Amino acid sequence: MDFLPQFSGNSVDALKVVWLAAIAGAIMFAVASAMLMVRNRRRLEGTIAQLRQARASAVARIDRLENILETEDSLMLVWEGAERVPAVAGHLPESLNFPEGIDQLLEYEGWLETKSAEALRAYQDHLRTHGEPFRLTLCTTHGVYLEATGRTAGGAAVLRLRDLTGDRQANARLSEQNERLQHQLNGVRALLDALPGPAWQRDENGHLIWVNTAYLDAVEANTLSEVVGKGIELLDAKGRMKLSTLRDVRGIYSSPMPVVAAGERRVYQVTDVQSDIATAGLAQDISELERVQNELRRTLEFHTRTLDELQTAVAIYGADRRLKFHNAAYRSLWELDPALLESSPEEGAVLDAMRAARKLPEQADYRSWRAKHLESYQSLEAREFWWHLPDGRTLRVIANPHPQGGVTYIYENVTERLDLESRYNALIRVQGETLDHLSEAVAVFGSNGRLRLWNPAFAQIWQFSEPELQNEPHVSSLVEKCAHLLPDMDTWRELAGGVTGLTDSRTNLSGRMERVDGMIINYVTVPLPDGGTLLTFVNVTDTVNVERALMEKNEALEEADQLKNTFIQHVSYELRSPLTTIIGFAQLLSDQKFGDLSPKQAEYMQYILSSSSSLLAIINDILDLATVDAGIMELNVSDVDVAGTVAEAIAGLQDRLEESHIALNTHLPENIGTIRADERRLRQVLYNLISNAVRYSEEGGQVDVSCVRETDFVRFSVEDHGVGIPEELLHSVFSRFVGRGAAGSRHGVGLGLAIVKSFVELHGGTVDISSREGEGTTVTCTFPLEPKLLDLQAAE
């Protein structure tokens, strides 16, 4: 070969041998390698065939599994190692509104409820970090329940979400509902356990199954099991009976009930509710509330009674503008229908009713006025209105809003107050004008001794100028200015002391002062309620002078009257003796035993006897009056027959009655009886009354004598139907020596009625006279059954 190197000799043979050996070795290696490759190829082809068969089996199995997952409506999320995005296999029904994208799927909060989303995320993280499997039920935002199962498989974390259908869905719902209810029950029990009042639950048989801590304290038990096991009841048998029998239609009992709790009797508001299979109750301690309510009730009743006693009308409206309270003065003021007021009407309805009855002020626009009035409910401050009602009354209305709503109205009837103020102001003006025009000097000093009020007469009488009095001078300065008018200042100092004195009991001072100019002044000081003093001064100079003159004249008249009485008494005594002699000798001469008289002599003798008797009666009357005046008249009181005394008095006047042709009628009851009196003086009284009636009766007239017996007195009445007495002379008919002649009769002496009045009053009785001119006169004398003899000296 050309490519072989050219060597020489023995060296060439050896090289050939080596070369051939190398070639032979290479060929042998190549053959061996070829045989090995063929064998490996055959083995690899078998392995590949097996792998292809295994792959086909795996693909078929995966397909079967996927088909199975597709039929079970489940979704699998697989995380390999620390992958963030998992592989997704399977599906969920479209009706579940399941998220389509993997990102939306991993945002659990978007399609799961918050509680389920938080739980799934927590369990998923725990699965991937610690490989701890889990199973839980999830709820979507659409209310669909899913089962979530987490586990590891060959280092992968697998989360399987499966739709719960049918019973499993219902069970899941019930399970979650039961868990929710259990949580709620635990929360309610925890709340009840924190309450200060006892609470309890009972089963369908009425046995206690749960109580709170307050219940344990109330029954003085230690544990719930102790109360439930022993059935320790807070309420007694009577109270439990009320719970079962006094429930309303809703199965609820709620009422205050006395309960002994922890050894102390208290009042609880017990509320017990009955359901289909159990009951639950709660007791709230209202002892303090009950006490406060009772106190509030008593306070409200007291306030109600107080408001009812007020003369001011009060009405209270609530926040709903309905009438809550009104007092008696309100009802009396408005005179509304009681049924309307008791129905708690709205204020608008009350105003409309008042307007319909014309009890509100007349308004041109009533709606606007009403709306403005009702603004008080939105006001923050009290408002005041003046209502001038159609009936002439004026009301001061105060609307006081309540901080919690509502308005309190106060209706003050100020009609009288305004009228009084008006009359007071007018009276003040009138009094001012009157005071200024009084002739009497008036000055009012305050408690500080300064002049507060005076009239022009005060300035004039004490010679003060108006500027001197306008600055409210002190009484002491006025005293100094008056010093020159008085001979001494003791009186003025006394007046000044009465003005400025601080004594507890101030009294009136009165007196008279005489000035150096001859003026005589009467003064009076009157303490006023406000601590001031009223001084009045009256110039009585002329009055005193006249009084002195009158006193002197009166003394002279009294002396003359006394002289007249003395003269009359003296003359009466002096005339009585010769008059008695004349009457005696006249009676002797008229007696036929001493010789016969001619008819003319006998007639003249009768005239002498008649005139002498009349003169003697006058003299006796004068002496009787003198005796009464002297206070030495004494009554001879005895039981006097009334009828007999009347008859005797009439008998003494029989001749005059026949002479005047006057009919005398007596009206005496049969049972007139007797009276305690002086018979002679009673007869004298009746004689004078009848004689006076006969004198003033016309010829052929009539005189009525009546007597009536009452419980404590006897009344005598003598009535004539003559000329009567003029009204202007009635006041003087009982005066002495005052009389008037009737038509056709002589003038009387005027002592008859004076004698009657004196004798009746001596018996403690009274005399009344009534007369009408031209119709007649009636004189009535009333004698007590038991005379109270007068003190004659006092009567004088």
Side-chain angles (χ1 to χ4, degrees), residues 420-421 423-559 794:
L420 287 175
E421 288 181 356
R423 287 191 290 173
Y424 173 77
N425 293 332
L427 182 61
I428 289 297
R429 290 192 295 270
V430 170
Q431 288 180 344
E433 292 295 327
T434 303
L435 191 65
D436 287 344
H437 292 83
L438 282 179
S439 60
E440 181 179 7
V442 177
V444 177
F445 291 87
S447 58
N448 58 356
R450 292 191 171 276
L451 183 66
R452 292 168 50 189
L453 180 66
W454 51 277
N455 66 345
F458 176 77
Q460 181 180 1
I461 199 171
W462 291 110
Q463 302 176 7
F464 293 132
S465 63
E466 185 173 345
E468 290 177 334
L469 301 178
Q470 286 181 344
N471 296 326
E472 297 186 355
H474 196 270
V475 63
S476 58
S477 63
L478 297 180
V479 171
E480 294 176 358
K481 294 178 181 179
C482 296
H484 67 283
L485 296 174
L486 297 174
D488 61 74
M489 297 300 295
D490 294 340
T491 303
W492 253 113
R493 292 191 184 95
E494 183 181 5
L495 294 178
V499 170
T500 60
L502 300 177
T503 56
D504 294 335
S505 57
R506 298 189 301 157
T507 58
N508 294 6
L509 296 178
S510 61
R512 177 174 294 174
M513 62 177 71
E514 188 168 353
R515 302 196 322 194
V516 294
D517 56 0
M519 184 181 292
I520 301 173
I521 299 174
N522 283 349
Y523 63 87
V524 176
T525 67
V526 180
L528 300 178
D530 62 351
T533 305
L534 170 68
L535 271 67
T536 62
F537 303 91
V538 181
N539 185 354
V540 293
T541 306
D542 296 337
T543 304
V544 170
N545 292 334
V546 171
E547 181 182 353
R548 290 172 180 173
L550 290 176
M551 288 179 64
E552 293 174 357
K553 185 176 182 179
N554 185 60
E555 291 174 358
L557 290 175
E558 287 180 353
E559 291 178 359

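Residue numbers run from 1 in the order of the sequence given. Only this structure's heavy atoms are used, side chains among them; waters, hydrogens and symmetry mates stay out. What you see is a predicted model; the values in this text were computed from it and never measured.
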Parallel, tilted or perpendicular: ring planes of F458 versus F464, cut at 30 and 60 degrees: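 Tilted.
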Provide the closest heavy-atom pair for [X] versus [Y] in the form atom of the first, atom of the second, distance.
X: V516; Y: L486; value: CG1-C, 3.8 Å
X: I520; Y: N539; value: O-OD1, 3.4 Å
X: I461; Y: R515; value: O-NH1, 2.5 Å
X: G518; Y: T541; value: O-CG2, 3.8 Å
X: E440; Y: N455; value: O-ND2, 2.9 Å
X: L451; Y: L453; value: CD1-O, 3.5 Å

Could you state the interatomic distance from CG (L534) to CZ (R452), rounded to the nearest 0.5 Å?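 Atom-to-atom, L534:CG and R452:CZ are 11.0 Å apart.
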Between OG on residue S477 and CD on residue E472, distance to nearest 0.5 Å: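 Nearest 0.5 Å value for the OG-CD distance: 11.5 Å.
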Side-chain contact test, heavy atoms from C-beta onward, threshold under 4.5 Å: evaluate it for L478 versus F445 and give yes or no.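 Answer yes - side chains close enough.
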Can you name the one residue among T525, V475, L509, V524 that meets side chain to side chain contact (heavy atoms under 4.5 Å, CB included) with L535?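 The option that passes is T525.
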Is the count of non-hydrogen atoms from other residues, nucleotides or ligands lying under 6.0 Å from Q460 atom CD greater than 12?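 No, CD of Q460 has 12 or fewer neighbouring heavy atoms, counting only those of other groups under 6.0 Å.
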